Peer 1: 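Take this structure, written in structure tokens, and hold onto it; I'll ask about it next.
For ligands, and for the atoms within them, numbers begin at 1 and follow the listed sequence. These figures come from a predicted structure and were not determined experimentally.
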Amino acid sequence: MKKNDFLLIGLVLLIAVSVMGYHYLKKDTGPGKVVIRVDGETYGTYDLSEEQTIDIQGTNILEIHNGEARMSEADCPDRLCVHQKAISRDGESIICLPNKIVVSVEGGEDNEIDAVAN
Ligand SMILES: [Zn+2]
């Protein structure tokens, strides 16, 4: 009887640890996505794991390289967005105020909800 209790506790602990480990690994290894919004509307969602260059309506160019996204070109007068650091972590963003462009990194799971809402 007691032995079974221990087994049960052990099993529960094992499941708890593997679930935590799964979430941890998923968060750590899976690169997020870059969401580009223009004037509050979603312009596109792009994978950070894919090397690519994205033309944002002819005014800005976003480059994804080595799992990081940065604004490589912009026709805005201040060019603040071009000088912002490359982003790669959930919640980081690059904003181009004159062109009303917001580029932000988002984790994988919430994007689905966003996609449905849009
Ligand atoms: Zn700008």
Peer 1: Looking at N66 and E68, would you say the former's side chain and the latter's main chain have a donor-acceptor pair under 3.5 Å?
Peer 2: no

Peer 1: Please report the shortest heavy-atom distance between I94 and C81, naming the atom on each side.
Peer 2: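 Reported closest heavy-atom pair: CG2-O, 3.8 Å.
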
Peer 1: Mind checking whether K33 and Y46 have side chains closer than 4.5 Å, heavy atoms only?
Peer 2: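 No - every pair of side-chain heavy atoms lies 4.5 Å or more apart.
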
Peer 1: Under 4.0 Å between a side-chain nitrogen and a carboxylate oxygen: does that hold for R37 and E106?
Peer 2: yes

Peer 1: Cluster partners of I95, using ILVMFWY side-chain heavy atoms under 4.5 angstrom, listed by chain and number?
Peer 2: L97, V102

Peer 1: Give me the protein N, O or S atoms that fall under 2.8 Å of the Zn ion (ligand 1), sorted by chain and residue number.
Peer 2: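 Short answer, with waters excluded from the count: C76 SG, C81 SG, C96 SG.
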
Peer 1: Test side chain to side chain contact (heavy atoms under 4.5 Å, CB included) on M71 and I61; report intermediate values, then the result.
Peer 2: CA-CA 6 Å; M71 201 71 88; I61 291 175; over 6 Å; no

